[in-house]
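Let me begin by presenting the structure, written as structure tokens, before commenting on it.
This structure is a prediction, so every number in the text was calculated from the model and none was measured.
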Amino acid sequence: MGIYIPTTMADHWLKLLICVIALSNTKVNVRASEMVNITLLSNAVEKGAVCLDGSPAGYHYAKGYGDGANSWMIYLPGGGWCGRKQSCIDRVKYSPMLSSTKNITQETFGAILSPNKTSNPDFYNWNRVFIRYCDGSSFMGDVKKVDPETNLHKRGSRIFTAVIDELLSKGLKNAKNAMLTGNSAGGLATILNCDRFRALVPNANTVKCVSDSGFFIHAKNLPNAAGRERTFARVVHFHCFFPENLVADIKTPLFLLNSDFDKFQIQVNLKPHPVDNPGWVNCTRNITTCTPPQLQIIKDFRNTFLETVKGLGNNPSRGLFINSCYIHDFLYLMGRYNSQDSPKLHNKAIGDWYFNRSSVRLIDTKIDYPLDCKIGSGNFV
């Protein structure tokens, strides 16, 4: 398949990635980030664009300047999902940062949102927007009725549309370049909303999407397939939700950044039957404690992940950066996106792909064991 490119340059990049991730320590300069105040969405309640608890949707906006004045990056953060009534009630009660805008004032803009030209050379002076993830359904919910007993609002789709509409009035309508990106649940939201985003900014010359750790696979032949189906069906109520069933039909150029040993998917979604398999929790927390059968399940996940990516076909506009680190999420922490002590692998790949400096289809097909990648001062794993 075309997505596997065993070229000398590709092998060089992948070997460099492995060495950097395995050996690098990150010394993050505080000037590589900035604190950005929250903006509550105008007329949010009237538009129905509210969080789980009914508070108005919000976003953080850093205005672009210079040659980035007409370029926009919209970031959708992760934070899991709640699909059942009780899990959403618990989310409001115990995770207010993911269910409300009450008491939220600022957000740190670092990594791909960083204002630092050295660490983020392609996007540092763009208009950068972080939309609060407070709906618990990857910005897909649109339930008009509110349960009076719980006061739960499932309005993620309205939040996305209303925030983009407000940003259009702030200059997004004049964008020459636009990017929708996000990590984990936000990476999934990026895939699900990619073509929708393109339609909302029809006048932009270049619109592309970057999904970080949002390629959640069905893996129907691996343990807990039914559990994965139930989990994702609760979020959007149809089984073709799995990205592998959607990506091939997306018209807007899409970049997939992911590990084929995605830690979240292995820890949370891939549960052997029975789910209380002895030592599974310890195994997924510390790979060195895994038994041979447990490790084989993890390797089977990796092989299934690569086959699923291969099955997407060879779309020339699609970017790929698939590595073997036992982690989840790359773009939001500086130690994962970039480092003062390491080559700018992820941001270079994304920048090269976005600006058509080169095609980027890098897949680690050689490492068949999850790598313990300790970038980010120990925060990587």
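No donor-acceptor distance shorter than 3.5 angstrom exists from the side chain of N125 to the backbone of G66, with no hydrogens or angles considered. Between the R91 side chain and the Y94 main chain, no donor and acceptor come within less than 3.5 Å of each other. Between the side chain of S33 and the backbone N or O of G110 there is no donor-acceptor pair closer than 3.5 Å. Side chain of W126 to main chain of A178: no donor-acceptor pair is present (N/O by atom type, distance under 3.5 Å, no hydrogens or angles). Distance alone, capped at 3.5 Å, is enough to place a donor-acceptor pair between the S55 side chain and the T101 backbone. Looking only at distances, no side-chain donor or acceptor of R285 sits under 3.5 Å from a matching main-chain atom of Q267. Under the 3.5 Å distance criterion, the side-chain polar atoms of R128 are left unmatched by any main-chain donor or acceptor of A62. Side chain of T190 to backbone of L180: no donor-acceptor contact under 3.5 angstrom is found.
Taking every heavy atom of both residues into account, S99 and S95 meet most closely at OG-O, 3.0 Å. The two residues P56 and A44 make their nearest non-hydrogen contact at CB-CB, 3.6 Å. Nearest heavy-atom pair, H153 versus V50, reported as atom, atom and distance to 0.1 Å: CD2-CG2, 3.6 Å. When every heavy atom of V207 is checked against every heavy atom of A204, the shortest pair comes out as CG2-CB, 3.6 Å. Contact detail for F330 and L257: the closest heavy-atom pair is CB-CD2, 3.6 Å. Nearest heavy atom pair, residue L152 against residue V92, reads CD2-CG2, 3.9 Å.
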- Query: F305 and F215: ring-ring contact (aromatic ring centres under 6.0 Å, His included), yes or no, with the steps?
  - Reply: CA-CA 9 Å; F305 189 97; F215 192 70; 5.7 Å; yes
- Task: Step by step, work out the side chain to side chain contact (heavy atoms under 4.5 Å, CB included) result for T206 and Y354.
- Result: CA-CA 9 Å; T206 303; Y354 185 89; 3.6 Å; yes
- Task: Any chance you could lay out the side chain to side chain contact (heavy atoms under 4.5 Å, CB included) test for L52 and L98, step after step, and finish with the verdict?
- Result: CA-CA 9 Å; L52 269 175; L98 296 172; over 6 Å; no
- Task: Mind running side chain to side chain contact (heavy atoms under 4.5 Å, CB included) on E107 and I38 for me, showing each step along the way?
- Result: CA-CA 7 Å; E107 182 65 34; I38 192 171; over 6 Å; no
- Message: Does L306 form a side chain to side chain contact (heavy atoms under 4.5 Å, CB included) with I322? I'd like the steps, not just the answer.
- Response: CA-CA 9 Å; L306 291 180; I322 311 298; 4.2 Å; yes
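At least one side-chain heavy atom of L331 sits less than 4.5 Å from a side-chain heavy atom of I350. Looking only at side-chain heavy atoms (C-beta outward), F160 and L76 come within less than 4.5 Å of each other. In this structure the side chain of T308 never reaches within 4.5 angstrom of the side chain of F242, judged on heavy atoms. With contacts defined as side-chain heavy-atom distances shorter than 4.5 Å, the pair L270/L222 qualifies. Using a 4.5 Å cut-off on side-chain heavy atoms (C-beta onward), V146 and N151 make contact.
With sequence neighbours excluded, the residues satisfying side chain to side chain contact (heavy atoms under 4.5 Å, CB included) with D195 are I250, K251, T252.
Between K85 atom NZ and T150 atom OG1 the span is 6.0 Å, to the nearest 0.5 Å. Atom CG in L371 sits 10.0 Å away from atom CD1 in I327 (nearest 0.5 Å). Between the CG atom of N127 and the CG atom of L167 there is a distance of 9.0 Å, given to the nearest 0.5 Å. Rounded to the nearest 0.5 angstrom, S213 OG and L256 CG are separated by 10.5 Å. Rounding to the nearest 0.5 Å gives a distance of 10.5 Å between OH of Y326 and CG of D372. To the nearest 0.5 Å, atom CZ of residue R318 and atom NZ of residue K208 are 13.0 Å apart.
With R302 as the fixed residue, the salt bridge (Lys or Arg N to Asp or Glu O under 4.0 Å) test singles out one of D260, D364, D262: D260. With W81 as the partner, the ring-ring contact (aromatic ring centres under 6.0 Å, His included) test is satisfied by one option alone out of Y133, F139, F216: F216.
The ring of Y332 has its center closer than 6.0 angstrom to the ring center of Y75.
Residues R132 and H60 bring a donor and an acceptor atom of their side chains to less than 3.5 Å of each other. Counting only N and O atoms by type, the side chains of Q86 and D90 include a donor and acceptor under 3.5 Å apart. No side-chain N or O of T289 forms a donor-acceptor pair with one of N282 less than 3.5 Å apart.
Within 6.0 Å of CG in N103 there are 12 or fewer heavy atoms belonging to other residues, nucleotides or ligands.
Both Y369 and I266 belong to a single network of hydrophobic side chains, linked directly or stepwise wherever heavy atoms of I, L, V, M, F, W or Y lie under 4.5 Å apart. Hydrophobic clustering, with ILVMFWY side chains joined whenever heavy atoms are under 4.5 angstrom apart, groups F355 together with M73. Under the 4.5 Å side-chain heavy-atom criterion for Ile, Leu, Val, Met, Phe, Trp and Tyr, L168 and F197 are members of the same hydrophobic cluster. The hydrophobic clustering, which links ILVMFWY residues whose side-chain heavy atoms are closer than 4.5 Å, places V268 and L188 together. Residues I363 and I217 fall within the same hydrophobic cluster, defined by Ile, Leu, Val, Met, Phe, Trp and Tyr side chains chained together at heavy-atom separations under 4.5 Å.
For residues 155-172, the pairs satisfying side chain to side chain donor-acceptor pair (under 3.5 Å) are S42-E166, Y59-E166, Y59-K170, D142-R158, S157-R196, T161-R196, with sequence neighbours left out.
With respect to the salt-bridge test (charged N to carboxylate O, under 4.0 angstrom), the residues K220 and E244 do not qualify.
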